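A quick write-up on the structure given underneath.
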Amino acid sequence: MIRAGVVGASGLAGGDLIRLITQHPDLELTFLGGSSNIGKRPAELHPGLRIDTGLTVRPVTDDVAGQVDVLLLATPAPVSAELAARFADRVPAIVDLSGAFRIRTPERHARWYPKVERSTELADRFVYGVPELIGDQLADAALISLPGCYATAITLGLAPLTLGLGLDLKTVVVDGKSGSSGGGLHLRTADLHPFRNGAIAPYAPTGHRHAAEVSDFLERSKPGSVGSLSMSAYGVSHVRGLLTSSYVFTDGEIDQRTLQRAYLRFYKEHRFVRVRRHTETLIPVPDPQAVLGSNYCDVTAMYDEEAGRIVVLAALDNLVKGAAGQAVQAVNLRFGLPEETGLTMHPVMPA
């Protein structure tokens, strides 16, 4: 059994990590860490988890290193930066779910994470963990930084264009809509039910740090492949799930048939990315409600002849494929397990 520890056990992503790890045939939950809710059991923190792990939330002390094979950090970025520096050479693997190490470029990191201090040497050791795109690197990775939920959807949506077809994307404009769980458990007046219910609230209309990390990753993967990538983000009234709509302008020649074939070919061997064919189900395009509770990301690409643009849609559950599920997927690859181990649950619909 692979011993797994979760820090940030009382948060939403931490709860989903506990749920997935305790159902995993090859993972054993051996540590729950946090700075609040010390002494509480998972069932006290997450009403859906009526399980007895024999564990309670404990402070993160140095002896944790001897209790885990992989340490999963579902913590705020400044906390993750401190814990990663502390345990980087003391545990076999660290998987960080925060934004502390997602952006490699120091100047861009300082722009979007000004309160997160980290060393360049440590940042350079982290692998940006999109399993479908760099799965071969995860097998030897000691430090893995998971992409953000929006960034996962955007990157999986654009990769067949840049890394598959080799297109240079002149301009990409992203519209992102996410449920309230994307903001975590912090209490804000704007998130109270009277304000949030039924709303479409633009909380980042002129930029989002997940777009910055996508640009950073694509520039390193294929330099010059994206000219400009910008994003507007909106909060909507459902709890789980997000949808990104990427409007892509390129000088390359393209048509709908080529797009569809390229996406099907690119993700043929990746079971967690489902390419929608527009006619196969009652919901013909990616929709968050069709992936809730699962580790799937649904994508499709359409060519708008009149506007000369490509429209890429991607939907996922932000707490599973956008966080805890993708973390377990990365752990599977890191420790040589089949990628889908412990992640074969189907979506729950309707939800």
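All values reported here derive from a predicted model rather than from experimental measurement.
One distance of note links CZ of Arg334 with CG of Leu143; it measures 9.5 Å at 0.5 Å rounding. The structure places CE of Met349 at 11.5 Å from OG of Ser294, a figure rounded to the nearest 0.5 Å. Atom CG of residue Asp251 and atom CG of residue Leu167 lie 10.0 Å apart, to the nearest 0.5 angstrom. Rounding to the nearest 0.5 angstrom, the gap separating the OG atom in Ser228 from the CZ atom in Phe249 is 10.5 Å. Leu158 contributes atom CG, which lies 9.0 Å from atom OG of Ser225 (distance to the nearest 0.5 angstrom). Put simply, OG1 on Thr30 and CD1 on Ile2 are 11.5 Å apart, with the number rounded to the nearest 0.5 Å.
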Which is it for Asn295 and Gln329 under the side chain to side chain donor-acceptor pair (under 3.5 Å) test, yes or no, and what are the steps along the way?
CA-CA 9 Å; Asn295 198 51; Gln329 188 180 354; 3.0 Å; yes

Stepwise side-chain contact (heavy atoms from CB on, under 4.5 Å) test for Lys222 and Leu163
CA-CA 7 Å; Lys222 187 176 184 293; Leu163 306 181; 4.0 Å; yes

Let me see the working for Asn318 and Ser178 under side chain to side chain donor-acceptor pair (under 3.5 Å), right down to the final yes or no.
CA-CA 8 Å; Asn318 55 293; Ser178 177; 4.8 Å; no

What's the verdict on side chain to side chain donor-acceptor pair (under 3.5 Å) for Glu213 and Tyr128, showing C-alpha distance, side-chain angles and the deciding distance?
CA-CA 10 Å; Glu213 73 177 80; Tyr128 188 69; 2.4 Å; yes

Between Leu72 and Ile21, is the side-chain contact (heavy atoms from CB on, under 4.5 Å) condition met? List the steps.
CA-CA 11 Å; Leu72 297 113; Ile21 291 170; 4.0 Å; yes

Under the criterion salt bridge (charged side-chain N to carboxylate O under 4.0 Å, His left out), I'd like the reasoning laid out for Asp69 against Arg3: C-alpha separation, chi angles, the key distance, then a yes or no.
CA-CA 5 Å; Asp69 300 307; Arg3 300 171 302 164; 3.1 Å; yes

So Val7 and Phe31, side-chain contact (heavy atoms from CB on, under 4.5 Å) or not? Walk me through it.
CA-CA 8 Å; Val7 185; Phe31 176 76; 4.2 Å; yes

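Residues passing the salt bridge (Lys or Arg N to Asp or Glu O under 4.0 Å) test with Asp298, sequence neighbours excluded: Arg274, Arg276. Partners of Glu219 by salt bridge (Lys or Arg N to Asp or Glu O under 4.0 Å), not counting sequence neighbours, listed by chain and number: Arg108.
Tested against Leu316 for a side-chain contact (heavy atoms from CB on, under 4.5 Å), the candidates Val299, Leu242, Thr244 yield a single pass: Leu242.
Between Arg41 and Asp52 no salt bridge is recorded (no basic side-chain N to carboxylate O distance below 4.0 Å). Using a 4.0 Å cut-off between charged side-chain N and carboxylate O, Arg125 and Asp89 make a salt bridge. Ionic pairing of Arg90 and Asp62 is present here: one or more N-O contacts between side-chain nitrogen and carboxylate oxygen are shorter than 4.0 angstrom. With respect to the salt-bridge test (charged N to carboxylate O, under 4.0 angstrom), the residues Arg118 and Glu82 do not qualify.
Closest non-hydrogen pair, Ser245 versus Leu313, comes out as OG-CD2, 3.4 Å. Looking at every heavy atom in both residues, Val60 comes nearest to Arg86 through O-NH2, 2.7 Å. When every heavy atom of Gln256 is checked against every heavy atom of Ala301, the shortest pair comes out as NE2-O, 3.1 Å. Closest approach of Pro160 to Tyr267, counting heavy atoms only: CG-CE1, 3.4 Å. The minimum heavy-atom distance linking Leu343 with Gly325 is given by the pair CD1-O, 3.6 Å. The shortest non-hydrogen separation linking Pro202 to Ile200 is CD-O, 3.5 Å.
Figure legend: cation-pi geometry between Lys177 and Tyr234, with NZ or CZ positioned under 6.0 Å from the six-membered ring centre and within 45° of its axis.
Although no hydrogens or angles enter the test, the distance criterion places no donor-acceptor pair under 3.5 Å between the side chain of Tyr303 and the main chain of Arg257. In this structure a side-chain-to-backbone donor-acceptor pair under 3.5 Å is missing from Asn37 to Ser10. Remark: the backbone N or O of Gly14 is not paired with any side-chain donor or acceptor of Arg19 at under 3.5 angstrom. Between the Arg111 side chain and the Glu107 main chain, no donor and acceptor come within less than 3.5 Å of each other. The backbone N or O of Asp26 sits less than 3.5 Å from a side-chain atom of His24, completing a donor-acceptor pair. Distance alone, capped at 3.5 Å, is enough to place a donor-acceptor pair between the Asp255 side chain and the Thr258 backbone.
The side-chain heavy atoms of Val130 and Thr152, taken from C-beta on, include no pair separated by under 4.5 Å. A heavy-atom distance below 4.5 Å is found between the side chains of Leu32 and Pro42.
Using cut-offs of 30° and 60° for the angle between ring planes, the Phe272 and Tyr296 rings count as tilted. The aromatic rings of Tyr150 and His210 sit perpendicular to each other, their planes meeting at more than 60°, with 30° as the lower class boundary. In this pair, His109 and Tyr113 present their aromatic rings parallel. The plane angle is below 30°, not in the 30 to 60° band.
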Side-chain donor-acceptor pairs of residues 285-292 under 3.5 Å, sequence neighbours excluded:
residue, atom, partner, partner atom, Å
Asp287, OD1, Gln289, N, 3.0

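For the 3.5 Å distance criterion, the side chains of Asp96 and Ser80 qualify, holding a donor opposite an acceptor.
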